[in-house]
Structure formats: C-alpha cells, structure tokens
Amino acid sequence: MIKFIATNKWFHNHHVLRNINLEISKGEVIVICGPSGAGKSTLLRTINKLESIDDGEIIVDGMYLSDPKTDLTALRAEIGMVFQHFNLYPHKTALKNITLAPRKVRGLGKKQATEKALKLLERVGLTHRRDAFPVQLSGGEQQRVAIARSLAMEPKIMLFDEPTSALDPELINEVLDVMVSLAKEGMTMVVVTHEIGFAQKVADRVVFMDDGEIIETGIPPDIFVNPQHPRTRNFMSSVFHIPVFGETEEEK
Amino acid sequence: MDLLDQFSNINFYLFGTFPKGEVGGLLLNIIMAFLAICFSCVFGIMLGYSRLSCRLYIKLPCIAYIELVRSTPLIMIIFWFYFFLPYLFGGNVTVFWSAVVSLCAYAAAYQAEIVRAGIMAVPKGQLEAALSTGMSRYNAMRYVILPQAFKIMLPSFVSFFVSLFKDTSVTYIIGVMELTQTGIIVSQRQPDKIYAAYLSMAIGFWVVCFTMSHLARRLEKRIGVFDLESIRPDACRDEFMLVPKTKKTGEGVDETPSCCSSDSK
C-alpha cells in the first residue's frame with residue numbers, strides 16, 4: 001500500500017530523513033515513535049506529499065509521488081489525515097466541516113453529504129454537537145470531528161500526526177477509542193504517537209526513529225519491552241518510564 | 001446664525017448644480033468613493049494575493065507597485081494621473097474619471113497589504129487540512145482560507161474605506177466639483193462667512209463617515225469579529241492604564257486604603 005524506497009529529505013543543511021526504506025501493507029497499523037525532531041511527522045507528511053522528498057521514491061496505492069504527473073488531489077482524497085492541533089475550519093459548524101470535502105471533491109449533493117456526515121458523527125458519538133462551532137467544542141470533541149472529517153472522504157489510508165498530544169489527559173481516551181475501532185475495521189493506519197497503551201493494543205508494527213533514521217522496526221513487545229538498539233532502549237526507559245533493563249526485573 | 005444661513009446653499013453642498021448642471025457636492029464624494037472602493041477592491045485583492053506568490057516575476061512587480069504608491073502622497077498620484085491619462089487617451093478624460101482612477105490606484109496598494117496580512121494571519125494548518133482532504137488549491141482558498149481571512153481583514157478594510165472617503169476631498173485640487181470645492185465657491189461668494197462654509201463642509205464629511213463606521217460596527221458585531229465587549233464604545237480598560245483610576249467602592253463600603261486592607265487584591 002505504501003512503500004518508501006531509499007527516501008532522503010533535507011531542510012537546507014539538515015538531513016531530516018535518512019535513507020528510509022519501509023513497506024506498509026493493506027490493513028496494517030503502524031505506530032511511529034521516537035524523540036522529538038526525529039523526523040516522525042515529516043515522514044508521515046511525505047505520504048500525502050504535504051512535504052516533498054529530495055531523493056528516492058514513495059509509492060502510495062500504485063501512485064509514484066515523485067512523478068510530477070501524479071494527480072495530488074486524487075492521491076490526497078484517498079488519504080485521510082488527522083493533525084495534532086485538529087485544524088478544524090473555525091468558520092464552519094461541525095457538520096459543515098465534515099460535508100465540505102465530500103461536496104467539493106466527490107461532488108456529493110447536500111442531502112447525501114449531510115446524511116453521510118450524520119452517520120460519521122454518530123460513530124464518533126457527537127450527533128448532538130452537529131451545529132456547534134469548533135470553538136464551542138472541547139479538544140477531544142474537536143479531534144473526533146476531525147477524524148470524522150477525514151473519514152467522510154472514505155480514505156484507504158489514515159495518517160495520524162500526534163492526535164492526542166494537544167489534549168488534556170482525561171480527553172485522550174475518547175479519541176483513542178475511535179482510533180481503536182477504526183483499526184479493528186481493517187483501516188490502513190500510520191500513527192505518530194506517544195500513547196504506548198494504544199500501540200500495544202492495536203499496532204501491528206512499531207517503527208522507532210531517531211535523527212531521521214529508522215533505527216528499529218518490530219512488533220510492539222519487541223520494541224517496547226525488549227529493544228535491541230541502545231538508542232531505542234535509552235528512549236523507552238526515559239520517555240515511557242518502563243523498566244526495559246533486565247536488571248530491574250531480576251532484582252525483584 | 002451664519003451657519004443657519006448656509007442652509008440656503010444646502011442643495012449646492014449636497015448635489016452641486018445637479019438638476020441643471022452636473023452632479024457635485026457631497027453626492028459626488030460618495031459616488032467617487034463608491035467607484036474607487038469597488039474597483040480598488042478587485043485590483044487590491046488580486047495584487048495582495050499575487051504578492052504572496054513565490055514566483056519572482058509575479059511577486060516583484062506587485063511589491064514594486066505597492067511600495068511605489070505607498071511611499072507617494074495621494075496628491076502626487078492625483079496630479080500624475082491628471083496629466084498622464086489625457087496623454088494616453090488623447091485629452092478626452094474628465095477630471096472626474098482621472099480622480100476616480102487615481103483614488104483607485106492609491107487604494108489598491110493599501111488594500112493589497114490588508115489582503116496579504118489577512119491571508120497570512122490564517123494558520124498554515126488550515127490549508128494543510130483542506131489540501132489533505134483532497135480539495136484543490138482553488139477550493140481550499142475559496143471555502144477555507146479566504147472566508148477566514150476576510151473576517152480578519154474587515155476592520156482594517158472599513159477604517160481604510162472611511163479614510164478613502166475623506167481623501168476624495170483632495171480631488172478638489174484638479175477641479176472636481178465635490179463638497180470641498182462647493183464650500184470654497186460658497187466662501188468666495190460670501191467672504192464674510194468663510195468659517196460657516198468650512199464648518200458646513202466638516203459637518204457633511206462627518207455625517208457620512210460616522211454613518212459608515214457605525215454601520216461597519218454593526219456588521220462586525222453580526223459576524224462576530226470581536227467579542228461583544230471590545231466593540232462597545234463605552235468599554236474601558238483601566239487595568240491597562242499606567243496610572244489607574246482610584247477604585248470606587250460602591251454603597252459606602254469601608255474606605256480603607258489598600259495598603260492597610262487585608263483582602264486587597
């Protein structure tokens with residue numbers, strides 16, 4: 001579904017993505033983690049070409065991203081994206097936020113689009129908030145509307161860029177619940193997150209990145225509990241507060 | 001009393017010699033301002049939008065035009081078009097049209113900057129969100145970015161329109177029969193009542209400008225540019241003052257100086 005082939009990217013002199021090789025198959029849920037500045041978000045944003053790459057190739061659903069003839073709007077219509085800061089349209093109600101793209105891109109009529117949007121709002125549990133403006137919604141509600149907005153385009157792939165990082169702790173679960181149910185339905189998902197619980201529950205593979213490189217890839221228990229690379233071990237112990245060193249287990 | 005006498009000239013002030021001759025007076029100011037606003041809006045939006053382009057052959061001419069006009073006095077622009085337009089169109093241009101064109105050229109440069117600032121003020125994530133749902137750049141601009149940008153621009157636009165209306169008075173210098181010109185004519189006819197003539201002009205401008213800003217405030221309130229409190233004319237912000245007003249304690253509560261009261265905030 002998504003294939004990175006020797007991808008490189010520079011911001012001026014800063015080498016943000018170093019020789020990325022990664023293949024993501026249909027229905028897979030990938031969690032990308034790593035310290036800040038590791039290039040996780042950049043990697044995610046290259047998939048729908050919000051960031052372009054300087055070298056290598058990315059193939060998404062058979063479309064070659066470095067080919068200038070690739071129809072970007074068609075590509076992006078197939079890829080949903082959820083942002084850290086929600087990025088809902090503040091001048092439109094929750095319902096209109098969801099119906100805008102289906103109407104303008106897919107050419108749906110007002111009635112059809114509204115019906116679809118209401119179904120999605122029901123799914124994220126926000127039917128009663130359909131006429132609220134984003135400022136009137138809590139962070140968790142905004143993010144759920146944002147997910148519904150992406151789903152309205154019936155994408156084949158969903159990208160999540162730290163979807164819970166800007167939320168208060170008590171609001172995180174309502175967003176994660178939606179994401180878990182989405183994963184169970186077999187959506188192809190690429191998620192940048194620090195939510196270890198989510199990763200352990202639904203991730204098929206975890207990708208650990210540092211300094212623009214993919215350091216390690218593996219199933220969640222391998223990466224979180226028994227990482228091979230010292231950099232991964234270092235990060236897991238400092239960020240997730242998990243005793244990853246054998247000694248602590250043995251001492252007990 | 002002299003001011004009341006000016007009432008005999010009210011038709012001349014408001015409409016010039018209109019039914020018999022050409023339109024003039026305050027009505028002409030309004031017509032000029034209206035035409036200049038309409039044309040300059042189109043031109044200014046295009047200019048401000050193009051100025052954001054990364055392509056130098058689009059961006060540089062726009063910057064050159066905006067900076068040239070913004071660093072030139074309006075009266076120079078008026079003279080410039082007054083002498084330049086007949087050269088282009090062979091002397092058939094009336095002073096009215098040369099005034100409108102110069103006001104328009106002047107206003108477009110300022111509006112371009114307002115438009116640019118408004119578009120820049122919309123967070124970058126909005127465009128990314130719109131593009132990532134598969135919308136084209138045109139649709140993203142039209143349905144997501146510009147509606148938000150216009151909301152941000154509206155107060156600057158209104159204050160600029162009010163000042164543009166006042167600037168129409170400068171066109172008297174090339175002989176447009178607008179309110180200032182009519183006032184000057186009246187004052188020359190009655191040299192003993194000059195102050196009354198000039199006062200009448202001031203009232204004329206004031207009435208229109210005040211109406212404009214009042215209507216604008218209601219519009220802003222309706223589309224919610226600001227919270228309602230900041231729009232209230234009597235709103236005050238004493239906590240921002242360097243020397244705050246001493247606090248009034250209502251209903252004769254204890255007048256203890258703040259240094260002694262225990263619960264002073």
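Every chain is numbered from 1, with letters handed out A, B, ... down the list of sequences.
- Rounded to the nearest 0.5 angstrom, M135(B) CE and T73(A) OG1 are separated by 11.5 Å.
- Annotation: E67(B), atom CD; neighbour count of heavy atoms from other residues, nucleotides and ligands within 6.0 Å is above 12.
- Here the side chains of K92(A) and P147(B) are not in contact, with every heavy-atom distance at 4.5 Å or above.
- Across all non-hydrogen atoms, the minimal contact from V105(A) to G134(B) is CG2-O, 3.4 Å.
- Atom OH of Y143(B) and atom CZ of R103(A) lie 8.5 Å apart (nearest 0.5 Å).
- The distance from the OG1 atom of T133(B) to the CG atom of N97(A) is 10.0 Å, given to the nearest 0.5 Å.
- To the nearest 0.5 Å, atom CE of residue M153(A) and atom OG of residue S132(B) are 10.0 Å apart.
- Below 4.5 Å, heavy atoms of chain A meet no heavy atom from residues 100-117 of chain B.
- Within a 6.0 Å sphere centred on CZ of F34(B), other residues, nucleotides and ligands contribute 12 heavy atoms or fewer.
- Heavy atoms of A130(B) lying under 4.5 Å from chain A belong to its backbone as well as its side chain.
- With a 6.0 Å radius and a threshold of 12 heavy atoms from other residues, nucleotides or ligands, K96(A) has its NZ atom at or below the threshold.
- A distance of 7.5 Å separates NE2 of H91(A) from CD of Q126(B), quoted to the nearest 0.5 Å.
- Residue contact with chain B, scored on non-hydrogen atoms closer than 4.5 Å, is absent for L159(A).
- Minimum heavy-atom separation, R76(A) to L131(B): CD-O, 3.2 Å.
- Both the backbone and the side chain of Y89(A) come within contact range of chain B, with heavy atoms under 4.5 Å apart.
- Within 6.0 Å of CZ in F205(B) there are more than 12 heavy atoms belonging to other residues, nucleotides or ligands.
- Proximity to chain B among residues 35-53 of chain A is limited to R45(A), N48(A), L50(A), judged by heavy-atom separations below 4.5 angstrom.
- For the pair V144(B)/L100(A), a side-chain contact is recorded, criterion being any heavy-atom separation below 4.5 Å from C-beta on.
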